[in-house]
Amino acid sequence: MLAKLEEIYKNRHQYAKDWKARTGGKVLGYFYPYVPEEIVYAAGVLPVRIMGSHEHDNLSAAYIYPMYCPFCRDTLAEGLRGRYSYLDGLACADTCMHMNQVFDWFVLNCGIPRRGTFIANTPANVAGTHARTYLIKEHLEFKKAIEGWVGRVLSDKDLDRGIEIMNRNRQLMRQVYETRKREKPPITGAEAQLMVLTSQFSDKEEHSALLEDILNKELPGRNRDRKTGVRLMIVGSEDDDTAFLKMAESLGVTFVIDDTCVGSRYFWHEVVPGKDRVAAIANHYLDSTPFPTKDWSERRRFAQVLKLAEEYNVQGVVLAQQKWCDPYELDIPSLAARLKERNIPTLFLEFEPTLPRAPFTTRIEAFVEMLCGDEEGLFAESSTVKSGS
Amino acid sequence: MAEKVLWKTKPVECWTKFKEIARERYTGDGTTTTTSNYRVQGFTASNYKVAGGGEGYAANCANMGLTLEFRRACEGMGYARDLCAYSGAHLGSIFTDKYAFGGSFPKPDLVKRGHTCDTHAKWALIEAEHYGVPFFATDGPLMYEFDSEQTRQNKMDYMVAQELESIEWQEKHTGERFDDEAYIRGLYNNFRSRNLWAQVCILNQNIPAPLDQKSIFSLFVIPFFQGARDECAQQMEILRDEVEDRVKNHIAAVPTERYRFVTTGIPPWHALNTFRYLEKYGAVSVACRYSTDLGTNTTMVEGGREVPIPTLEERGIVLKTREEAIRCAIERRCLYVTKTWRFCGHQGQENDLRQARLWQADGALLHYNRGCEQFSLGLPQIRQALLEHNYDVLIYEGSSTDPRDIDQIRTFDRIDTLMESRGLEKLND
Ligand code: SF4
Ligand code: SF4
């Protein structure tokens with residue numbers, strides 16, 4: 001069943017095409033998970049997150065100056081390869097300028113009519129006093145635009161259904177994450193990431209059914225013989241590089257938790273139902289752990305990172321940086337300092353769409369040595385952290 | 001391309017006064033419309049001293065050759081090498097406690113700023129945390145061409161509400177009442193200063209150009225950063241009259257003008273001699289979207305031409321309340337979409353093509369700025385559009401403040417190649 005997730009991940013475009021053929025429904029490609037998928041599901045449309053594929057990119061530089069982040073260039077390259085031609089609509093949530101640029105390229109070049117293009121404007125300061133009023137109004141606009149597109153008004157019942165689909169999927173992913181607290185997590189970090197990525201790529205009702213099977217039939221007793229090694233957390237603006245996680249996990253570590261938008265941040269919080277459905281949805285997007293671009297004065301994300309690190313008994317944190325991502329870069333020194341105060345060492349890694357194996361292997365190995373308190377090793381003085389099981 | 005002629009030239013007469021005013025922003029008391037002892041870091045101060053400032057200050061640091069030290073200090077604190085060039089220089093100055101205009105970096109009492117790119121608020125937050133002072137940032141969502149009327153309204157309402165809140169916040173933290181009257185007077189001045197600046201920029205459409213780009217970059221800070229002051233609005237009028245007179249009498253900024261460039265975005269402040277190098281060929285940069293608009297709007301489009309956004313007096317607007325004034329300021333930003341950074345550049349293409357046409361350019365000089373995510377949006381598309389419309393396009397990579405990011409020898413080589421391919425030889429060395 002976990003293998004099924006891998007299959008969806010590898011064939012995500014085919015999956016979406018098959019879904020269309022099977023259901024006759026529309027597929028909406030979206031950039032960044034601030035697009036309220038609840039409203040999209042309420043309309044019977046399949047939302048799929050638009051993302052790159054970590055292949056060599058010799059296409060995007062003609063359209064986007066390479067000082068924009070690798071994640072957005074990788075995403076653009078996937079569009080330039082023509083792999084998103086099946087999309088019926090596009091949505092963006094005004095998350096960051098880098099990705100907005102890619103959205104705009106898709107709008108201009110994917111042949112999607114104007115009425116299939118949506119912006120769910122989201123405040124940059126989610127903690128601001130006036131963010132709520134603004135976002136509720138903008139979600140109403142988004143709903144209205146989606147209604148115009150699908151040709152029907154979305155009732156409370158429709159919205160309840162959308163909320164239910166999303167919440168159910170969130171609950172199940174939380175349950176899977178819960179198992180990672182164990183001394184011997186039955187699922188690796190790479191597998192957990194595949195789970196979240198496929199949730200973003202596939203029909204959530206189908207995904208939830210798969211997760212139920214995984215939870216009930218596959219995870220119990222799984223990985224008993226696998227050595228957990230050092231328990232790590234990965235924190236990033238973005239890290240969808242499953243190959244990197246696999247490589248690292250072959251070096252005596254397990255990523256037991258994360259704070260990324262292809263990890264816990266995507267599903268950790270549920271929509272709290274309310275009489276006003278649109279307001280309930282908007283509240284959810286404001287009250288969830290903010291993305292670095294949207295986390296200002298309160299730095300709520302830091303609190304969540306520290307909480308997760310403690311709950312999952314983390315020994316070290318990998319700070320995965322997409323080069324040029326200012327909002328995250330501006331967080332790193334403060335976040336590293338706060339982790340240090342709790343005696344949690346950090347390893348800073350800068351990501352590109354394709355990563356050279358050797359230098360990253362060396363850095364992970366050195367970090368592991370330090371965490372294991374190798375008294376003869378180069379990092380002997382930092383050996384305050386207990387070693388893994 | 002113009003024939004080889006030698007135009008009359010003379011220095012800009014109000015130059016010294018402008019230089020004086022520009023410096024006051026960072027050194028003197030001239031930054032206030034009313035007196036106050038509070039130092040507010042950021043853009044929007046109407047009746048508080050601005051300590052340091054953000055972008056403008058960083059640009060000055062670069063121009064004074066200080067940014068390498070500041071950027072390194074910032075990196076030493078763990079911030080990325082590729083961080084926005086303005087924020088890296090500014091924060092480095094804070095971390096080294098070295099103020100470009102002498103002494104220690106002035107500690108702000110409050111940090112307050114507007115947020116229109118992904119960097120602004122976080123940059124300011126770090127400063128506030130460094131000094132342990134209160135912090136407030138107003139979120140300014142950009143307008144997008146596909147926004148519905150309702151969304152435009154929502155965005156404006158959101159911004160107005162935040163600005164009003166920020167005033168209460170200011171009052172709470174300073175214990176001093178916000179001076180509405182001074183604010184409103186400042187806003188009238190502000191509209192007037194920018195209108196006059198737009199007139200100056202439009203006068204530069206003439207051949208020969210009365211102003212060169214390097215001078216424009218020195219002058220433009222007055223209308224944008226200090227335009228609310230009575231004295232600045234008056235000075236702007238003097239400048240406009242002087243430039244009008246130069247046009248009437250064919251007084252050129254560069255006597256050898258025979259090739260015209262337009263440009264876009266933030267220049268490399270540490271390498272403005274690039275513009276002087278062009279002049280060796282009689283090539284003059286005559287307009288830049290950054291110096292015309294600074295991300296706000298000074299002009300609007302009417303019948304294919306750019307005209308100054310009218311002053312409040314011209315529009316017969318009488319502002320009485322704080323809310324009316326704030327809404328009016330926000331509407332200027334939102335409703336006159338002459339300039340937009342938004343996304344992959346098709347509006348940028350239109351703007352830059354219009355600029356090239358109206359300012360009678362032969363070519364465009366595009367700074368591929370590694371130091372700014374906002375003003376580098378859509379550059380490849382803008383380049384493509386200009387080429388398709390038969391403009392020469394010269395690109396050079398650099399950074400607004402980081403000297404490590406520019407290869408000036410290569411830039412000069414490129415200029416040589418383009419100029420020579422157009423049959424232009426160096427006129428002097
Ligand atoms: S990694 Fe950062 S810069 Fe890149 S798309 Fe995400 S938020 Fe934007
Ligand atoms: S607009 Fe450019 S220079 Fe200004 S804060 Fe943003 S990235 Fe930095």
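Residue numbering restarts at 1 for every chain, and letters A, B, ... go by the order of the sequence lines.
Neither the backbone nor the side chain of B:Ala128 comes within contact range of chain A; no heavy atoms are under 4.5 Å apart. Contact annotation for A:Pro292: both backbone and side-chain heavy atoms come within less than 4.5 Å of a heavy atom of chain B. Proximity to chain B is limited to the backbone of A:Ala61, based on heavy atoms less than 4.5 angstrom apart. Contact of A:Ile64 with chain B is made through the backbone alone, with heavy-atom distances under 4.5 Å. Only the side chain of B:Asp157 comes within contact range of chain A, with heavy atoms under 4.5 Å apart. Using a 4.5 Å cut-off between heavy atoms, B:Gln153 makes no contact with chain A at all. Only the side chain of B:Phe135 comes within less than 4.5 Å of a heavy atom of chain A; its backbone N, CA, C and O stay farther away. Neither the backbone nor the side chain of B:Cys74 comes within less than 4.5 Å of any heavy atom in chain A. For chain B, the nearby parts of A:Ala124 are the backbone and the side chain; heavy atoms of each come within less than 4.5 Å. Of the atoms belonging to A:Thr122, not a single heavy atom falls under 4.5 Å from chain B. Only the side chain of B:Leu125 comes within contact range of chain A, with at least one heavy atom under 4.5 Å from a heavy atom of that chain.
No other option in A:Lys144, A:Lys323, A:Gln321 has as many heavy-atom pairs under 4.5 Å with chain B as A:Lys323. Across B:His115, B:Met77, B:Arg383, the residue that shares the most heavy-atom pairs under 4.5 angstrom with chain A is B:His115. By number of non-hydrogen pairs under 4.5 angstrom with chain A, the leading residue of B:Gly140, B:Ala124, B:Cys372 is B:Cys372. For chain B, the option among A:His98, A:Arg299, A:Lys294 with the highest count of heavy-atom pairs below 4.5 Å is A:Arg299.
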Determine whether A:Ser297 and B:Phe136 satisfy the following criterion, side chain to side chain contact (heavy atoms under 4.5 Å, CB included), listing intermediate values before the conclusion.
CA-CA 8 Å; A:Ser297 30; B:Phe136 193 99; over 6 Å; no

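No donor-acceptor pair closer than 3.5 Å links the side chain of B:Tyr79 to the backbone N or O of A:Pro333. With hydrogens and angles disregarded, no donor-acceptor distance shorter than 3.5 Å links the side chain of A:Tyr63 to the backbone of B:Gln381. Proximity of a side-chain donor or acceptor of A:Asn125 to a complementary backbone N or O of B:Asp139 within less than 3.5 Å is not detected.
With rounding to the nearest 0.5 Å, the separation of CH2 in A:Trp324 from CG in B:Asp82 is 5.0 Å. From A:Gln101, atom CD reaches atom CG of B:Leu379 across 8.5 Å, with rounding to the nearest 0.5 Å.
Proximity to chain B at a heavy-atom threshold of 4.5 Å picks out A:His130, A:Ala131, A:Tyr134, A:Lys137, A:Glu138 from residues 130-140 of chain A, in numerical order.
Looking only at side-chain heavy atoms (C-beta outward), B:Tyr144 and A:Asn121 stay at 4.5 Å or farther from each other.
Counting heavy atoms of neighbouring residues, nucleotides and ligands inside a 6.0 Å radius, atom CZ of B:Arg410 does not exceed 12 of them.
Using a 4.0 Å cut-off between a side-chain N of Lys or Arg and a carboxylate O of Asp or Glu, A:Glu141 and B:Arg152 do not qualify as a salt bridge.
Remark: the B:Asn369 side chain and the A:Tyr65 side chain contain no N/O donor-acceptor pair separated by less than 3.5 Å.
Each salt bridge (charged side-chain N to carboxylate O under 4.0 Å, His left out) pair with one or both residues in residues 115-124 of chain B, not counting sequence neighbours, appears once here: A:Asp331-B:Lys122.
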